[in-house]
Colleague: 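This structure is in structure tokens; I'll ask about it shortly.
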Amino acid sequence: MRIVAKMATGGPVEVLLVPLIAILASALLFAGFVALAGVNPLEVYALMYKGAFGTWFSLQNTLQRAAPLLLTALCTALPAQMGMVIIGAEGALVMGGLVAVAAGLPLVGMGAPVFLTQLVMALAGMIAGGLFVALAGALRHWRGVNETIASLLLSYIAIAVMNQMVEGPMRDPASLNKPSTGAIGDVYMIGTIPGMDVHWGLVFGLIFCVLTWLLMFHTSFGFAARIVGGNARTAKLVGLPVGFLVLAVTFLGGAAAGLAGMVEVAAVQGRANASLVAGYGTGGILVAFLARQNPIAVIPVAVLLGGIAASGGLLQRRLDLPDATVLVLQGILFVVLLASEMLYGRLAVPRLSLASFLRLRPQRS
Amino acid sequence: MNAILPPPPPEAAAPRALSVETVSITKRFGSFTALDAVSIRIRPGTVHALLGENGAGKSTLVKCIMGYYRPDEGSVVVEDREREIGNPRDAHALGLGMVYQHFTLVPSMTVLENLVMARADVPAIIDWAAERRVMEEFLSRMPFGVPLDRPVALLAAGEKQKAEILKQLYLDSRFLILDEPTSVLTPGEADEILGLIRKMAAAGDITVLIITHKFREVTAFADDVSVLRRGKLVGGGSVADLGIDDLAQLMIGAKEVAGSVSRLAAPADAHTRLELKGICAEDDSGTDALREVSFAVKAGEIVGIAGVSGNGQIQLVEVLAGQRKASAGEVLVHGEKFGATREETRRHRMALLPEEPLRNASVARMSVAENMAFRRFDTPPFSSRRGGWLSRKAIREAALALIERYNVKTQGPDAAIGTLSGGNVQRAILGRELGEAVDILVVANPVFGLDFAAVAEIHGQIMAARNRGAAVLLVSEDLDELLELSDRLLVMSDGAIALEVPTAGADRVAIGRAMAGH
């Protein structure tokens, strides 16, 4: 209820209408694309629905894929509240996963309690991801480096570091074809939510989204951060600690993505390897932009995008479309969405009344 | 005031100067009527002043003449023939030219390059030697010159303005519109340029329409005047027939303007509240913008800072606001070193109203209520002591009180502050800054672009703060405003204090000379 009310006051119909228009336009473009491939678009959309939400199995598949997107989206959405465009979630996720394993393996070796080990891994992953993105924030605040470029390039460095570690010092000699770190073992893995096949990462993501939304929109910390995001000159005028706020919020965003990395290793892969680079980081950027950088709106959008990804397999099996077809839809969505930004403030919501009609007519007689 | 040349009779005007007439021009924007059947006749070879408050429709009218807007009704007549002016190019082809308030020359290029590039028919390969010969020949016919080979960035403001005017003459404009041409000039430069313009008009070379709100320029340099108010032509005629009081009456209308709060005597034992010691600072490009600025402001006095824009005033306010770091020197408040942190600003009860508050002191997309809470949102009752939970209710209620008290016209406390008019943003921010007791108030160009009623109100608030015992630093480019409000006047030139005088009995000429850096 609260959310709806907020959107209604924040920026009337537009906030919902513009993304909706963007999604519909993308759907049309994608329909044209699959039609060119000789497939009936309606059939594609019917199958996509089935593959994403149609069955209990596919719904769980969707939620499983939405879980990391919830967290990586925050890596873009939170700094965006401060007026920064951070696209380094992929790197933060990789760093989080790698460091979580590095912190977890010695504890596993000592036979430490399971919960303690998982807690340490989660904290390590969050701190690693947080520091990683805070670095981009620090470069921006103190050196004036563009944070978008910095976070993107830092991501490549993170992936290179991970590869170096996995193929070098941290390599498990038993991993032959695919260099990996040692496994943390089944006992230490994060299990699934009771009654579902979906791991606890989904719950972490939901909690993170709700908490950060409360933080940004209902505390004085978030208020201060949004002042900085809205106008840094004003923030300095009223004496806000701009540097601290930039670091804190970028750290928080990175921590979310780092936690996604920890969940990937502790709930899915069991170890760190190149599989960590699975596109969840870039998917998160898309989710954040579709959600208008609002942490609560991230939740439904992540589920939608998770669904699109989940339906790829079914399209491949039934219609003989390549697996990457759904990536085309994602790409179209992103481009159309960015283009739709220009609609804000220009959308004439027509008021169909006799008075407005009469006023439009030329007064000359 | 000054001796006024008799307006030349029409037949005496040389064939070059154009006559321009607007016939019953009406321009609407949606349901708002910006111009309502405005008819003005500008005789060839005269200087015609267009007078009016902000928003009276002056720029809409000249934009209709120049083809930026198409009037809904009415027409423009040039040399007694009705003309269809669909775009600025048509206007140029007819010999109509405009000099804008802000400079439009490319700063890194020389005057010669700027003038040649401005031509509509620049050849693909430019024979610079030939162009220079043509240009020198052209300049020799002009009453004033500018150094052709100097980059525009190195010219003084007055020279830039001359170059802008020369550009229009070079493009063969015989009807010139000058949009507040003296707003960036020292009084001396302004007089020189307007004098030259008037001479050229009197010689029949050009016809000039000058947009202004300075009465002095009208009486000293214009032949005719037209006064606009709320989109209507409310009067005008020969300047010789009208006095300043008549013009003011026409411009403001019969509406009573709230008299400013009277100045109370300053307390005798006032102590220093704000002191600057040898402040130096650089601007964004790294050149020195402030050079060892030192002065003090006592409780219960207004210290005015005068100067032509761009002489370090902006950087001075930024240093005090914490938006720019001083490279040397220190700011003392109540005798303590001041670093512009939130805690210090609050403890010393310091308020700041920088210029362009929408850009400098507010967040356009946040609501009026939120913007009004920027100073106090992290203290009770707006935030809980633990956890800092915001109370939207408290923020809203406090804003409602301020909106009422400071007469802010807004759809409500939840409207984005960016949707308010300039004067109302100013009032909203002033309300925020003066909402609580204030010991020190720093204000920069507080009435820039506001209408008369808003000016009087805001001046009243500033004077009231002074009378309550605040130390006020008023930075302004408007000398009249400073002379009206200040107790003491400092003149800034090239980043340093060039002159300090008590306002009572201040000598305009000396101030102008100090502003120009003499």
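No experiment lies behind these values; they were computed from the predicted model shown. All heavy atoms count here, side chains included; hydrogens, waters and symmetry mates do not. In what follows, every chain begins at residue 1, and chains take the letters A, B, ... in the order their sequences are listed.
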Colleague: For the pair B:Trp389 and A:Leu214, evaluate side-chain contact (heavy atoms from CB on, under 4.5 Å) and give the outcome as yes or no after the intermediate values.
Modeller: CA-CA 9 Å; B:Trp389 288 99; A:Leu214 287 173; 4.2 Å; yes
Colleague: With chain A as the partner, which of B:Glu343, B:Arg346, B:Met366 has the greatest number of non-hydrogen pairs under 4.5 Å?
Modeller: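 Among B:Glu343, B:Arg346, B:Met366, the one with the most close pairs to chain A is B:Met366.
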Colleague: Determine the option with the most heavy-atom pairs under 4.5 angstrom with chain A, choosing from B:Glu318, B:Gln323, B:Arg365.
Modeller: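 Among B:Glu318, B:Gln323, B:Arg365, the one with the most close pairs to chain A is B:Gln323.
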Colleague: Quick check on B:Pro357 against chain A: is it the side chain, the backbone, both or neither that has a heavy atom closer than 4.5 Å?
Modeller: neither
Colleague: Checking B:Ser362 against chain A: side chain, backbone, both or neither under 4.5 Å from a heavy atom?
Modeller: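 The backbone, not the side chain.
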Colleague: Is it the backbone or the side chain of B:Ala361 that comes under 4.5 Å from a heavy atom of chain A, or both, or neither?
Modeller: both
Colleague: Of all of B:Glu370, B:Arg342, B:Glu344, which one pairs up most often with chain A through heavy atoms under 4.5 Å apart?
Modeller: B:Arg342
Colleague: Less than 4.5 Å apart, side chain to side chain, heavy atoms only: is that true for A:Phe223 and B:Phe382?
Modeller: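 No. Closest side-chain heavy atoms not under 4.5 Å.
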Colleague: Under 3.5 Å, is there a donor-acceptor pair between the side chain of A:Ser220 and the main chain of B:Asp378?
Modeller: no
Colleague: Measuring from B:Leu390:CG to A:His218:NE2, what's the distance to the nearest 0.5 Å?
Modeller: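 Answer for the CG-NE2 pair, B:Leu390 versus A:His218, is 8.5 Å.
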Colleague: At a 4.5 Å cut-off on heavy atoms, which part of B:Leu353 comes close to chain A: side chain, backbone, both, or neither?
Modeller: neither
Colleague: Would you compute the distance between atom CD1 of A:Ile227 and atom CZ of B:Phe374 and round it to the nearest 0.5 angstrom?
Modeller: 4.0 Å
Colleague: Suppose a student defines contact as a heavy atom less than 4.5 Å from any heavy atom of chain B. Which residues in residues 235-255 of chain A would they list?
Modeller: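 Residues of residues 235-255 of chain A touching chain B at under 4.5 Å: A:Lys236, A:Leu237, A:Val238, A:Gly239, A:Leu240.
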Colleague: Output yes when a side-chain donor or acceptor of A:Asn231 lies under 3.5 Å from a complementary backbone atom of B:Arg359, and no otherwise.
Modeller: yes
